[in-house]
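First comes the structure, then the notes that go with it.
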Amino acid sequence: MEIKRKASWIRNWLIGLAVVIVIAAGSFFWYVSDYYKATAAAIKALQSDGSVTITETDDAITFAPNGEDPEEGVIFYPGGKVEAEAYAPLLRSLAEADLLVVIAKMPFHLAVFDADAAEAIMEQEVSVQDWYLAGHSLGGVMASSFAADQTDRVDGLIFLASYPSNDLTDAPFSALSIYGSEDEVLSRESYDEAQAKLPDDYTEIVLDGGNHGQFGDYGLQEGDGTATISALQQQQQTVEAITAFIGNSHQQ
């Protein structure tokens, strides 16, 4: 009888564990299936033309300026639960400024599942001499994690409504932080605390009227503030800030 009771207890325990696993898995897939999708304008920006050639694989989207192979490149990590294609207008504009730009497609649209995505991109694009890592929101946090582990391979770090997770005070590269004055998604407490982790060579730019979501084109983000400038204006100002940052970094 004792053996039967133990066997019954084990069977019930295993059934209970299986139910918990199924519920957890279902909750996870429900969570990751609800993500921000690229707008029609963003999809339209994925078309190659005379100035930019765009190629797409299962892992990345590459925006390459036509002409000579650029020596400077930007690897971009998308924000959490945001479709990579949503950043096409911003990244296309950067490519039109003669930069090779590659956005990593993240598993489940979450950069936490592939923080080292930049490594494979760097190995593939052998013509690029200077690499700059950039990321929006959660993407910036994870890009900084890669940069902290690979300081010798990174020439600059760019945060869009984001901040570092690792200590970068001794990093040999410079950093740029851009966020909108109307951003109500970015945790200012976490942002302010992370300032102590940034390199000495650090620049902060606040876009007057910008918000959290308009770095991409995926519609209004839940909890975000109301922007008083258009997404196009916010992205144009962002491109100007990034190209100036890269130009200054390259001259040092």
Side-chain angles (χ1 to χ4, degrees), residues 32-66 73-111 113-114 117-118 121 132-143 158-162 178-180 182-186 207 209-243:
V32 299
S33 65
D34 181 25
Y35 61 91
Y36 292 99
K37 298 175 177 62
T39 65
I43 299 301
K44 185 176 180 180
L46 288 168
Q47 302 300 315
S48 299
D49 61 15
S51 59
V52 177
T53 297
I54 299 170
T55 55
E56 186 170 357
T57 67
D58 291 338
D59 301 317
I61 305 172
T62 301
F63 301 77
N66 293 337
V74 176
I75 298 173
F76 191 90
Y77 284 16
K81 297 180 69 177
V82 179
E83 194 172 33
E85 289 82 353
Y87 298 93
L90 172 69
L91 303 185
R92 182 190 186 94
S93 295
L94 283 174
E96 290 172 348
D98 295 325
L99 297 168
L100 179 74
V101 185
V102 185
I103 182 169
K105 293 182 178 180
M106 296 299 178
F108 307 111
H109 307 289
L110 292 167
F113 290 112
D114 195 5
I121 295 171
Y132 297 84
L133 257 65
H136 177 220
S137 197
L138 176 63
V141 176
M142 302 317 299
I158 302 163
F159 297 98
L160 303 185
S162 187
I178 308 172
Y179 68 90
E182 309 308 308
D183 189 334
E184 294 186 10
V185 175
L186 176 67
L207 303 180
N211 66 3
H212 193 84
Q214 285 192 162
F215 289 109
D217 278 67
Y218 53 89
L220 181 63
Q221 185 160 347
E222 183 179 358
D224 202 1
T226 301
T228 58
I229 60 174
S230 68
L232 178 60
Q233 289 173 312
Q234 182 163 338
Q235 291 166 20
Q236 286 177 334
Q237 292 178 37
T238 301
V239 169
E240 291 171 2
I242 291 175
T243 53

Can you tell me how far the [atom1] atom of [X] sits from the [atom2] atom of [Y], to the nearest 0.5 Å?
{"X": "D49", "Y": "I54", "atom1": "CG", "atom2": "CD1", "value": "7.5 Å"}
{"X": "S93", "Y": "L99", "atom1": "OG", "atom2": "CG", "value": "11.0 Å"}
{"X": "S137", "Y": "F159", "atom1": "OG", "atom2": "CZ", "value": "12.0 Å"}
{"X": "H212", "Y": "E184", "atom1": "NE2", "atom2": "CD", "value": "12.0 Å"}
{"X": "Q236", "Y": "L207", "atom1": "CD", "atom2": "CG", "value": "12.0 Å"}
{"X": "I61", "Y": "L46", "atom1": "CD1", "atom2": "CG", "value": "5.5 Å"}

Donor-acceptor pair, distance only, cut-off 3.5 Å: does the side chain of [X] make one with the backbone of [Y]?
{"X": "Q214", "Y": "I229", "value": "yes"}
{"X": "N66", "Y": "G50", "value": "yes"}
{"X": "K37", "Y": "G219", "value": "no"}
{"X": "Y35", "Y": "L110", "value": "no"}
{"X": "R92", "Y": "A42", "value": "no"}
{"X": "E182", "Y": "T228", "value": "no"}

What is the ring orientation for Y218 with H136, classed by angle as parallel under 30°, tilted 30 to 60°, or perpendicular over 60°?
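It falls in the tilted class, 30° to 60°.
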Minimum side-chain heavy-atom gap [X]-[Y] below 4.5 Å:
{"X": "D58", "Y": "K105", "result": "no"}
{"X": "I242", "Y": "I178", "result": "yes"}
{"X": "N211", "Y": "T226", "result": "no"}

Between [X] and [Y], what is the shortest heavy-atom contact and its length?
{"X": "S162", "Y": "V141", "value": "OG-N, 3.2 Å"}
{"X": "G213", "Y": "Q221", "value": "CA-OE1, 4.2 Å"}
{"X": "P78", "Y": "A84", "value": "CB-CA, 4.4 Å"}
{"X": "A45", "Y": "F63", "value": "O-CE2, 4.4 Å"}
{"X": "A41", "Y": "P89", "value": "O-CG, 4.4 Å"}
{"X": "A111", "Y": "Y77", "value": "CB-CD2, 4.4 Å"}

Start with the C-alpha distance between L160 and F76, add both sets of side-chain angles, then the distance that settles side chain to side chain contact (heavy atoms under 4.5 Å, CB included), and finish with yes or no.
CA-CA 10 Å; L160 303 185; F76 191 90; 3.7 Å; yes
For a side chain to side chain contact (heavy atoms under 4.5 Å, CB included) check, start with the C-alpha distance between L138 and K81, then their side-chain angles and the critical distance, and finish with the verdict.
CA-CA 9 Å; L138 176 63; K81 297 180 69 177; over 6 Å; no
Does any pair with a residue in residues 209-227 pass salt bridge (Lys or Arg N to Asp or Glu O under 4.0 Å), and if so which ones, sequence neighbours excluded?
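Sorted pair list comes back empty.
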With Y87 as reference, evaluate L94, I103, V101 under the side chain to side chain contact (heavy atoms under 4.5 Å, CB included) test and give the passing residue.
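Between Y87 and the candidates, side chain to side chain contact (heavy atoms under 4.5 Å, CB included) is satisfied uniquely by I103.
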